[in-house]
Enquirer: 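Handing you this structure, nothing more for now.
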2 protein chains.
Amino acid sequence: MNIAHHLSEHDIKPSYQRIKIYEYLYKEMNHPTVDTIYKKLVGEIPTLSKTTVYNTLKLFIDKGITSTVTIEDNEVRYDAIVDAHGHFKCISCGAIYDIKYDFKDVAMNELKGFEVKETQVHVKGKCNQCLTK
Amino acid sequence: MNIAHHLSEHDIKPSYQRIKIYEYLYKEMNHPTVDTIYKKLVGEIPTLSKTTVYNTLKLFIDKGITSTVTIEDNEVRYDAIVDAHGHFKCISCGAIYDIKYDFKDVAMNELKGFEVKETQVHVKGKCNQCLTK
DNA sequence: ATCTAAATTTGTAATCATTACAAAAATATA
DNA sequence: TATATTTTTGTAATGATTACAAATTTAGAT
């Protein structure tokens, strides 16, 4: 995918920082925190400011090309995938897995007459790899 | 329900503060934040400290009689219901509704071989009341 | 190419929820 | 009653996020 083009398509001017931040999100797919993104990119972009990372992610969210994952109280994570999907966090190794689920099953009867804008499913436990160790 | 007894049963000494905090959680069922609890109870208990509210809720969670609701990034809410259930937050009036869902539908095939400890379902949108206004 | 205006980035300080920690108060035990 | 233990409290520290204004970069007009 052409990142500059993807940003432009969503009404975001493709500055150097924006391209790098989106590239990191998109390629790593590791649901990073702001701090993770900053620490990784400041090597390549020595003048990078954490404020820029915050500003940029907020812009990406406004424009609909990034979503947040708030599976923990004390940290917000970011995801280049914006389609409805859930997340599993392993309490042993800390890895976060994307999980699909049938959206209809979750949109329960109780919400008849409600307008649903967003659904987040967060599952915690131990992952396959940690269990077989 | 006898709150002192309920606390004792779960290995929590029923101090005045603990009883009042649990009572608030249990009776109001409004998924309050620490600040909400503090502001409400400090009228009745003028010496109450916010630290006590934090300590007490942490204890309740450890002992399994309270759960957290992290439907927003910037605030943790608390719930006296600990059975698996989801939450709907209205983006218009801010109210939080409890919602049941069929747990099996959410525990997806992808998590075969994983050990699931906890599932949270968070839905945001507009509630019935706000829509019909 | 040059000037000017607008957008973007940056650094610092402020904010706010939460935690750490130690002193004070209350409770239980001998 | 005296002592040990538990609980509560207040203050300070932490850490993520936001506010804000200056500096830099980019874009558009001439």
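Just so we're clear, the structure is a prediction, and the values are computed from it rather than from any experiment. Order of the sequence lines fixes the chain letters, A, B, ..., with proteins taken first and strands second; residue numbering starts at 1 for each chain.
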Enquirer: Kindly give the heavy-atom pair with the smallest separation between Leu111(A) and Ile99(B), and that separation in Å.
Expert: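 Between these two residues, the closest heavy atoms are CD2-CG2, 3.7 Å.
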Enquirer: Starting from P on dT9(C), measure out to CG on Leu57(A) and report it in whole angstrom.
Expert: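 To the nearest whole Å, that distance equals 12 Å.
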Enquirer: Less than 4.0 angstrom between a side-chain N/O of Tyr54(B) and OP1 or OP2 of dT18(C), yes or no?
Expert: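 It does, given that an N or O in the side chain of Tyr54(B) lies less than 4.0 Å from OP1 or OP2 of dT18(C).
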Enquirer: When you get a sec, tell me which of dT17(D), dT10(C), dA20(C) is the closest nucleotide to the side chain of Thr51(B)?
Expert: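 The answer is dA20(C), which lies nearest to the side chain.
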Enquirer: Rounded to the nearest Å, what distance is computed from the CD1 atom of residue Ile45(A) to the C1' atom of nucleotide dG11(C)?
Expert: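 Nearest whole value for this atom pair: 16 Å.
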Enquirer: Please state how far atom CD in Glu72(B) lies from atom C1' in dC16(C), giving the value in whole angstrom units.
Expert: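 Nearest whole value for this atom pair: 15 Å.
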Enquirer: Mind calculating the distance between NZ (Lys58(A)) and P (dT17(D)) to the nearest angstrom?
Expert: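 The distance from NZ of Lys58(A) to P of dT17(D) comes to 10 Å, rounded to the nearest Å.
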Enquirer: With the threshold set at under 4.0 Å for non-hydrogen atoms, list the residues of residues 3-34 of chain A touching DNA chain C in residue-number order.
Expert: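 Of all residues in residues 3-34 of chain A, the ones placing a heavy atom under 4.0 Å from DNA chain C are Lys13(A), Ser15(A), Gln17(A), Arg18(A).
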Enquirer: Tell me whether Lys89(A) is salt-bridged to Glu75(A), with the criterion being a basic N under 4.0 Å from an acidic carboxylate O.
Expert: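 The answer is yes: the pair qualifies as a salt bridge.
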Enquirer: Looking at Thr47(A), I'd like to know whether one of its side-chain N or O atoms comes within less than 4.0 Å of OP1 or OP2 on dT10(C).
Expert: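 For Thr47(A), the contact criterion (side-chain N or O under 4.0 Å from OP1 or OP2 of dT10(C)) is met.
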Enquirer: Between dG15(D) atom P and Glu75(A) atom CD, what is the distance in whole Å?
Expert: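 My rounded result for the distance is 14 Å.
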Enquirer: Over how many whole Å does the gap from Asn74(B) atom CG to dA19(D) atom P extend?
Expert: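 After rounding, the gap between these two atoms is 12 Å.
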Enquirer: For the side chain of Asn55(B), counting heavy atoms from C-beta on, which of dT19(C), dT17(D), dT8(D) is nearest?
Expert: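 The answer is dT8(D), which lies nearest to the side chain.
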Enquirer: Looking only at heavy atoms, which two atoms of Ala80(B) and Tyr26(B) are closest? And how far apart?
Expert: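 Heavy atoms only, the tightest pair is CB-CA, 3.9 Å.
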Enquirer: Which word best sums up how the rings of His87(B) and His122(B) line up, parallel for under 30°, tilted for 30 to 60°, or perpendicular for over 60°?
Expert: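 Rings of His87(B) and His122(B): tilted, as their planes differ by 30° to 60°.
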Enquirer: What do you reckon, are the aromatic ring centroids of Tyr78(A) and Phe60(A) less than 6.0 Å apart?
Expert: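 Between Phe60(A) and Tyr78(A), which both carry aromatic rings, the centre distance is not below 6.0 Å.
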Enquirer: Rounded to whole Å, how long is the line connecting atom CG of Leu41(B) with atom P of dT9(D)?
Expert: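 Rounded to whole Å, this separation is 11 Å.
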Enquirer: May I ask you to decide if Pro32(B)'s main-chain N or O and Arg77(B)'s side chain share a donor-acceptor pair within less than 3.5 Å?
Expert: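 No, Arg77(B) side chain to Pro32(B) backbone: no donor-acceptor pair under 3.5 Å.
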Enquirer: Indicate whether the side chain of Tyr22(B) and that of His6(B) have a donor and an acceptor atom separated by less than 3.5 Å.
Expert: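 There is such a pair between these side chains.
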Enquirer: Tell me: OH of Tyr38(B) to C1' of dC16(C), nearest whole Å?
Expert: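 Answer to the nearest Å: 15 Å.
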